[in-house]
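What follows is a set of notes on a single structure, which appears directly below.
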Amino acid sequence: MPELPDVEVLRRYLQSTALHHEITDVDLRAEALLEETQPERLSGALVGQQFESTRRHGKYLFVALDGGDWLVLHFGMTGDLKYFEDPDQDPEYDRLLLQFANGYHLAYIAPRKLGEVDVIDKPEDLIQDRGLGPDVKDPDFTLETFKQLLGSRRGMIKTALMDQQLMAGIGNVYSDEILFQARIHPRTKVKDLDGQKLEELYQTMNGVLDTAIDCQAIPGRLPDSYLTPQHHQGGVCPLCGETVQRVKVGGRSAYYCPNRQGQEPGGDGG
DNA sequence: ACATTGACCTGAGAGC
DNA sequence: TGCTCTCAGGTCAATG
């Protein structure tokens, strides 16, 4: 779930619920989620403070505290947030639970504990330390940027789209959705895409990400023409009914429609 | 450079 | 019911 659109939806959710309430208690139930923060610093930075604003870079969510620190949340493969009042609504697998002075709670949910919770001085530090590329939804991420980054790539397009060091935000599901909408086979070599095709891909990428955000990143709300709800074995192409194919790309399962996106590329060389 | 694999950690679902 | 196996939306490190 938590790729750029999902994280953007979570950012807006937190923004509209948990801002400007004093944090009165912090309960971290899985210390392994802390990658570069001492447990004491977490509560020390949060208790008595309020969330002031939010930022997102790729799949990372940053929340500014009025004390000057930033809370970092990364959602791994299964992370989620829930803001609630009634303790009976405390969700399963809540790994971090914040209590606010208004009686509400914010739960960070991570069944697989593959996410990250940290407190840092500023987002730029983490972006630099992790070597993240530019966020693909940043206004500065232009067609020219996109073409320039891909210009030196020799590998497959799906791998490039998912490389957070190259460009940040796209994961396995949305890379497949973007390539499906652009009618490009996931194993296509970047160098085999001409300028025209790259421009189409760029426009498609923006369209898919914007649409997904508009749909709250809920697969069932996506347009009927979207592949994402069929992103599993036995799924069928929403446009032609062909059974989707699964291939390994960069260690991940890529799903695509062999009818609309072609068979394995390569061989004839043009 | 790039591809591949395994590790991290846990749960869901299928098959027996 | 219980066991085993495979897969899962991410990231990182090690190895060809």
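Lettering follows sequence order; numbering is per chain, from 1.
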Problem - Rounded distance in Å - CD (A:Gln233) to C1' (B:dG15) - result: 15 Å
Practice task
Ignoring backbone atoms, establish whether A:Lys59 has a side-chain N or O less than 4.0 Å from OP1 or OP2 of C:dT11.
Solution key: yes
Problem - Interatomic distance, A:Glu92 CD vs B:dG11 C1' [rounded to whole Å] - result: 10 Å
Handout entry: Gap between atoms CG and C1', on A:Asn172 and C:dG9 respectively (whole Å)
Key = 7 Å
Handout entry: C:dG10 phosphate, OP1 or OP2, under 4.0 Å from A:His74 side-chain N/O
Key = no
Practice task
Using whole Å, report how far OH of A:Tyr174 lies from P of C:dG10.
Solution key: 11 Å
Handout entry: hbond_proxy A:Arg153 side chain to B:dA1 base (donor-acceptor, 3.5 Å cutoff)
Key = no
Problem - Value in whole Å for how far the C1' atom of C:dC12 lies from CE of A:Met162 - result: 14 Å
Exercise for the section: Look at A:Asp69 together with A:Arg41 and state whether they make a salt bridge at an N to O cut-off of under 4.0 Å. Expected result: yes
Fill in the blank from the handout: In Watson-Crick or G-U wobble terms, with both distances under 3.5 Å, the base opposite C:dG9 is none
Problem - Out of C:dC7, C:dG9, C:dC12, whichever nucleotide has its closest atom nearest the side chain of A:Gln165 - result: C:dC12
Practice task
Kindly assign one of parallel, tilted or perpendicular to the pair A:His21 and A:Phe100, based on the angle between their ring planes and the thresholds 30° and 60°.
Solution key: perpendicular
Problem - Donor-acceptor side-chain pairing of A:His185 and A:Tyr256 below 3.5 angstrom - result: yes
Exercise for the section: Can you figure out which of B:dG11, C:dG10, C:dT11 approaches the side chain of A:Gln164 most closely? Expected result: C:dT11
Handout entry: Nearest-nucleotide pick for A:Arg130, side chain only, options being C:dC12, C:dG9, C:dA8
Key = C:dC12
Handout entry: Atom-pair distance (CG on A:Leu34; C1' on B:dC8), nearest Å
Key = 16 Å
Fill in the blank from the handout: Rounded to whole Å, the CZ-P distance (A:Arg252 to C:dC7) equals 13 Å
Practice task
Tell me what A:Phe75 touches on the nucleic acid: a base, only sugar-phosphate, or nothing, going by heavy atoms under 4.0 Å.
Solution key: nothing
Exercise for the section: For B:dT5 versus C:dT6, give the span between their P atoms, rounded off to a whole number of Å. Expected result: 15 Å
Exercise for the section: Counting heavy atoms from C-beta on, name the nucleotide in B:dC2, C:dG10, B:dA3 closest to the side chain of A:Arg154. Expected result: B:dC2
Handout entry: Nucleotide of C:dG9, B:dA3, B:dT10 approaching A:Thr159 most closely (side-chain heavy atoms)
Key = B:dA3
Practice task
Please state how far atom CG in A:Asp163 lies from atom P in C:dG10, giving the value in whole angstrom units.
Solution key: 13 Å
Handout entry: Flag, side chain of A:Gln164 to backbone of A:Gly169, donor-acceptor distance under 3.5 Å
Key = yes
Problem - Candidates B:dT4, C:dG9, C:dA8 - which lies nearest the side chain of A:Arg187 - result: B:dT4
Exercise for the section: Can you tell me, in whole Å, how much space there is between the P of B:dG6 and that of C:dC5? Expected result: 16 Å
Exercise for the section: Starting from the 5' end of DNA chain B, give me the residue, A:Gly251 or A:Ser152, whose nearest nucleotide shows up first. Expected result: A:Ser152
Exercise for the section: Go ahead and name the base partner of B:dC9; Watson-Crick or wobble counts if both distances stay under 3.5 Å, otherwise write none. Expected result: none
Practice task
Please tell me which of the listed nucleotides, C:dG10, C:dC7, B:dA3, lies nearest to the side chain of A:Arg246?
Solution key: C:dC7
Practice task
Could you walk me through whether A:Tyr13 and A:Tyr83 pass the ring pair (Phe, Tyr, Trp, His ring centres under 6.0 Å) test, one step at a time?
Solution key: CA-CA 9 Å; A:Tyr13 176 72; A:Tyr83 184 76; 7.1 Å; no
Problem - Minimum-distance nucleotide (side-chain atoms of A:Ser253 versus C:dC12, C:dG9, C:dA8) - result: C:dA8
Handout entry: Distance-only polar pair, side chains of A:Thr54 and A:Gln15, donor-acceptor under 3.5 Å
Key = yes
Practice task
Using only side-chain N and O atoms of A:Tyr60, determine if any of them is under 4.0 Å from OP1 or OP2 of C:dT11.
Solution key: no
